[in-house]
*Asks:* 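For reference, the structure I am asking about is given below.
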Amino acid sequence: MRQKRVLQSNGSRPIGVFDSGVGGLTVVKELIKQLPQEDIIYFGDTARVPYGIKSRQAIIKFSIENALFLLKHNVKLIVAACNTSSSVSLTALRRNFKVPILGVINSGAKEATSLTRNKRIGVIGTTATIRSNAYTKQILKKDTCFKVFSQSCPLFVPLAEEGWLDGKITRDIARSYIAPLKSKGIDTLILGCTHYPLLKKPIAKITGKNIMLIDSAISIARSVKTLLKKENMLNKNRLKGRMDFFVSDAPLHFKNIGEKFLGKELINVRKTDHGI
Ligand code: DGL
């Protein structure tokens with residue numbers, strides 16, 4: 001095993017992706033679109049989801065353990081697909097590990113600041129993400145002229161997990177979260193949570209045509225591609241990558257919901273004792 005690791009060139013090693021559960025598959029979907037030749041190892045911490053309501057210390061601890069699990073699989077790069085983990089634990093992760101680690105906050109913030117015309121940006125996310133102010137800090141780091149308006153949307157994750165992706169109840173909840181942001185005159189809204197791209201339809205019904213929705217899954221996949229190219233770490237040995245999924249609790253729920261997130265059948269889902 002050790003010898004195989006040494007012999008594998010940088011490029012042919014898999015990309016590691018972790019999330020608190022199934023939501024990070026929205027990022028995998030984009031990675032497959034933009035980097036179809038890459039192998040992917042995914043870890044969903046389904047035994048400990050949701051992260052969005054947990055303490056900072058717990059989120060950092062879980063994130064470090066998730067990275068350790070992926071590194072056992074010899075990944076060349078780690079994507080913290082979870083916005084909550086990216087908001088709270090990126091510094092700790094980078095301090096602890098040598099492989100490149102990308103979080104979703106910077107790429108989402110970068111895209112929003114380059115697209116807004118009136119410099120008024122909305123951010124929605126889990127309670128922990130919004131409480132961390134990670135998006136606001138990242139946006140203001142680019143330029144203090146931006147005005148950022150944030151809103152936590154705790155009911156969106158269970159709605160997405162239950163497959164309530166549209167319909168009256170979902171639209172009513174979306175309205176109560178999004179209408180106050182809309183009234184601030186934002187022209188750009190960051191969907192700062194893995195699950196929210198699934199709710200794009202009801203969200204867009206409230207925001208209307210004049211507010212751009214930033215899907216952090218699309219922007220992080222773009223950042224991964226740019227980094228791999230720059231570091232000459234693209235996988236040139238394959239036409240189509242292999243995907244392996246690991247979860248810390250029963251795989252069936254992950255498989256059923258995951259197929260909605262990924263839009264195709266999920267094979268190779270295995271339970272690991274990691275994390276519990
Ligand atoms: N993956 C989380 C995020 O993107 C949402 C689910 C959770 O709370 O763990 O913030």
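Throughout, numbering of the chain's residues begins at 1 and tracks the sequence. Computed from a predicted structure; not experimentally measured. In each ligand, atom 1 is the first atom listed, and ligand 1 is the first ligand listed. Scope of the values below: all heavy atoms of this structure, side chains included, with no hydrogens, waters or symmetry mates.
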*Asks:* In terms of the angle between their ring planes, are His195 and Phe261 parallel, tilted or perpendicular, with boundaries placed at 30° and 60°?
*Replies:*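 Because their plane-to-plane angle is over 60°, the rings of His195 and Phe261 count as perpendicular.
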*Asks:* I need the nearest protein heavy-atom contact for atom 10 (O) of ligand 1: residue, atom name and distance, please.
*Replies:*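 That would be Thr84 OG1, 2.6 Å.
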*Asks:* State, to 0.1 Å, how close Asn118 and Gly185 come at their nearest heavy-atom pair, and which atoms those are.
*Replies:*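 Looking at all heavy atoms of both residues, the closest pair is ND2-O, 2.8 Å.
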*Asks:* Parallel, tilted or perpendicular: which fits the ring planes of Phe246 and His73, with parallel below 30° and perpendicular above 60°?
*Replies:*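 Geometry flag for His73 against Phe246: tilted rings.
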*Asks:* Counting heavy atoms only, which part of Ile53 comes closer than 4.0 Å to ligand 1: side chain, backbone, both or neither?
*Replies:*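 Under 4.0 Å from ligand 1, Ile53 contributes no heavy atoms.
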*Asks:* At a 4.0 Å cut-off, with the gap strictly under it, does some heavy atom of Cys193 reach an atom of ligand 1?
*Replies:*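 Right, Cys193 reaches ligand 1.
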*Asks:* Side chain, backbone, both or neither: which part of Thr194 comes within less than 4.0 Å of ligand 1 when only heavy atoms are counted?
*Replies:*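 Both backbone and side chain.
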*Asks:* At less than 4.0 angstrom from any non-hydrogen atom of Asp19, what atoms of ligand 1 do you find?
*Replies:*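 Numbered from 1, ligand 1 contributes 1 (N).
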*Asks:* Please state which protein non-hydrogen atom is closest to atom 8 (O) of ligand 1 and give its distance, to 0.1 Å?
*Replies:*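 Closest protein heavy atom to atom 8 (O) of ligand 1: Gly52 N, 2.8 Å.
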*Asks:* So for ligand 1, is Ser20 a polar contact partner (N or O within less than 3.5 Å, distance only)?
*Replies:*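 Checking ligand 1 against Ser20, an N or O pair does fall under 3.5 Å apart.
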*Asks:* Checking salt bridge (Lys or Arg N to Asp or Glu O under 4.0 Å) against Glu38, which of Arg13, Lys76, Arg242 comes through?
*Replies:*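 So the option named by the test is Lys76.
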*Asks:* Phe156 and Tyr177: aromatic ring centres closer than 6.0 Å?
*Replies:*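 Yes; Tyr177 has its ring centre under 6.0 Å from that of Phe156.
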*Asks:* Donor-acceptor pair, distance only, cut-off 3.5 Å: does the side chain of Lys255 make one with the backbone of Leu266?
*Replies:*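 Yes; judged by distance alone, with no hydrogens or angles, the pair exists.
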*Asks:* Closest heavy-atom contact between Leu191 and Ser216?
*Replies:*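 Smallest interatomic distance, heavy atoms only, reads O-OG, 3.2 Å.
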*Asks:* Using a 4.0 Å cut-off to any heavy atom of Val49, which atoms of ligand 1 qualify?
*Replies:*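 Checking each atom against Val49, I get 9 (O).
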*Asks:* Give the atoms of ligand 1, by number and element, whose distance to some non-hydrogen atom of Pro50 is under 4.0 Å.
*Replies:*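 Listed by number with element, the hits are 7 (C), 8 (O), 9 (O).
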*Asks:* Atoms of ligand 1 less than 4.0 Å from Tyr51 heavy atoms?
*Replies:*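 Ligand 1 atoms under the 4.0 Å threshold to Tyr51: 7 (C), 8 (O), 9 (O).
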*Asks:* With a heavy-atom distance limit of 4.0 Å, tell me whether Thr126 approaches ligand 1 through its side chain, its backbone, both, or neither.
*Replies:*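 Side chain only; the backbone of Thr126 stays clear of ligand 1.
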*Asks:* Please find the pair of heavy atoms, one from Ala67 and one from Leu93, that lie closest to each other, and give the distance.
*Replies:*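 For Ala67 versus Leu93, the nearest heavy atoms are CB-CD2, 3.9 Å.
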